[in-house]
Colleague: 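For reference, the structure I am asking about is given below.
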Number of protein chains: 2
Amino acid sequence: MSPNRPSTHPAQQGAPTQQGASPPQQRAPRGSARDKLIAAAHTTVRKQGYAATTVDQICAAAGVTKGAFFHHFASKEALAVAAAEAWTERARPMFEMPPHTRARDPLDRLIGHIDFRFAMLDGPVEEFTCFVGTMVQEAFATSEAIRAACEASIAAYCDALAPDIAAAMEVYGAPEGVTALGLARHIQAVLQGSFILAKTTNDPAIARESVTHLKRYVRMLFAPPGPA
Amino acid sequence: MSPNRPSTHPAQQGAPTQQGASPPQQRAPRGSARDKLIAAAHTTVRKQGYAATTVDQICAAAGVTKGAFFHHFASKEALAVAAAEAWTERARPMFEMPPHTRARDPLDRLIGHIDFRFAMLDGPVEEFTCFVGTMVQEAFATSEAIRAACEASIAAYCDALAPDIAAAMEVYGAPEGVTALGLARHIQAVLQGSFILAKTTNDPAIARESVTHLKRYVRMLFAPPGPA
DNA sequence: GACAACATACCAACTGGTCGGTATGTCGAT
DNA sequence: ATCGACATACCGACCAGTTGGTATGTTGTC
């Protein structure tokens, strides 16, 4: 659950409000502040965590003022909830775009998805880790609204993954006690855990190692049980 | 990076400052403040996260004043580092005490350990989750000292787990590419990830589900490959 | 074994800066 | 001329860290 691609709107401008030059420098188009604040929350919270991120920092990263912030969001917590919902949307293309989603065999689609997640584990840690996973760690006991929003986002991911797993189970069978949603949740757990390990070492390699184990597990689950 | 080492003292007493009895109720024994502060940091940070936890809260939970805090620790960050080191010590008995550690078969010891971790996944979420895993999420990019301390704690856990895995690999073999330390790290990743899922639902059940998958994976890894 | 000199452990009150949030003003589109 | 979308200026609460003190050992000396 962590594509760095905010397919977001055409209007996009990372830089702070300063414009150097001559002609009729226009400011950012009206109506763009909300999206920019959410995007800024994603990047800032992924790097620093939720509590350590101040509203001023988010505003600065978004290139808007505090007035705009509290025009769009009633509180910092409200932004967090909105950002969690936006995160779910941002993850959706992962289940539609990549080539493996067109594979005929459901197990190929599932393994393809894991490979896809594996390939994301590269570059700076804060660019592939999960916004909602980071946030729920801090807020699960102190903000019921944030916790619920994060739960919904994770659940949406698992729900999106489950159909392919269910189909694979029908084709290849699976051991007693394995369910599609349960395995989807386990995949999510391994990803989240691999993010934490990557943070401890500040290096994605340790995360790839774990996802490799995950891939092997899925392969073994759906392998024909008997002799070769 | 500086836990002030007052080469600590024999005196020990878990409880807050109150004493039960009749006569001139004395305060907590000298030398106990440091340990109490670390214990308070463990519980408070596990529940609220690191950044959201204030020094005053930790002091209140420990039953000491801020003066005592800054007598023992140069900064909030220094306490975090000391608490991460203490966390490692706190985990050590897990590898020595439980009955399964005496098993003759290394795979039995390994599975026994996973069962042991499984059994811990019960009750309030903040009582079985990992202090260093929680903290490193927030601090990996902002405090190198904390990040390194958390890395060391996680590494110590994996190092403690690896020998049994290595022994199991020698007895039962293992697929190409599997290493003892690598599998130990994967086990740690699954646990950390299961904690996050438990936080999203505020319920340990989802964590147990993932650890069950982990156990099945380990069993499959070390199962004889051929026909039954 | 008593006492001066010192060190450690802790406490209460304070401070400078920061943070989430508010009150109010301005600008552009309809 | 009105309203939504911002910007500016500001506030009270809070927070990490400081200061200046007291109480309780510990140690060296005679």
Colleague: Ignoring backbone atoms, test whether B:His71 places a side-chain nitrogen or oxygen under 4.0 Å from the OP1 or OP2 oxygen of C:dC10.
Modeller: no
Colleague: Quick check: on DNA chain C, is the nucleotide nearest A:Ser75 upstream (toward 5') of the one nearest B:Thr65, or the reverse? Name the residue that is more 5'.
Modeller: B:Thr65
Colleague: Do the ring planes of B:His100 and B:His113 sit parallel (below 30°), tilted (30 to 60°) or perpendicular (above 60°)?
Modeller: perpendicular
Colleague: B:Asp56 has an atom CG; how far is it from atom P of C:dA12, in whole Å?
Modeller: 13 Å
Colleague: Please state how far atom CZ in A:Phe70 lies from atom P in D:dT8, giving the value in whole angstrom units.
Modeller: 16 Å
Colleague: Using whole Å, what does the distance between atom C1' of nucleotide C:dG20 and atom OH of A:Tyr50 come to?
Modeller: 10 Å
Colleague: Taking atom types as they are modelled, is there a donor-acceptor pair under 3.5 Å from the base of D:dA16 to the side chain of B:Lys66?
Modeller: yes
Colleague: Report the distance from atom CZ of A:Phe69 to atom P of C:dG20, rounded to the nearest whole Å.
Modeller: 8 Å
Colleague: Rounded to whole angstroms, how far apart are CD on B:Glu77 and C1' on D:dG17?
Modeller: 14 Å
Colleague: Base, sugar-phosphate alone, or nothing: which one does B:Thr54 contact when heavy atoms must sit under 4.0 Å apart?
Modeller: sugar-phosphate
Colleague: Between D:dT18 atom C1' and B:Phe73 atom CZ, what is the distance in whole Å?
Modeller: 18 Å
Colleague: Between B:His72 and C:dC10, does any side-chain N or O lie under 4.0 Å from OP1 or OP2?
Modeller: yes
Colleague: Are A:Lys76 and A:Tyr50 in a cation-pi setup, meaning NZ or CZ lies under 6.0 angstrom from the ring centre and within 45 degrees of the ring axis?
Modeller: yes
Colleague: Show, in sequence, the C-alpha distance, side-chain angles and deciding distance for A:Leu110 and A:Ile187, and conclude whether the side-chain contact (heavy atoms from CB on, under 4.5 Å) test is met.
Modeller: CA-CA 11 Å; A:Leu110 178 58; A:Ile187 290 171; 4.1 Å; yes
Colleague: Which word best sums up how the rings of A:His42 and A:Phe131 line up, parallel for under 30°, tilted for 30 to 60°, or perpendicular for over 60°?
Modeller: perpendicular
Colleague: Return yes if the base of C:dG21 and the side-chain atoms of A:Lys76 contain a donor-acceptor N/O pair under 3.5 Å, otherwise no.
Modeller: no
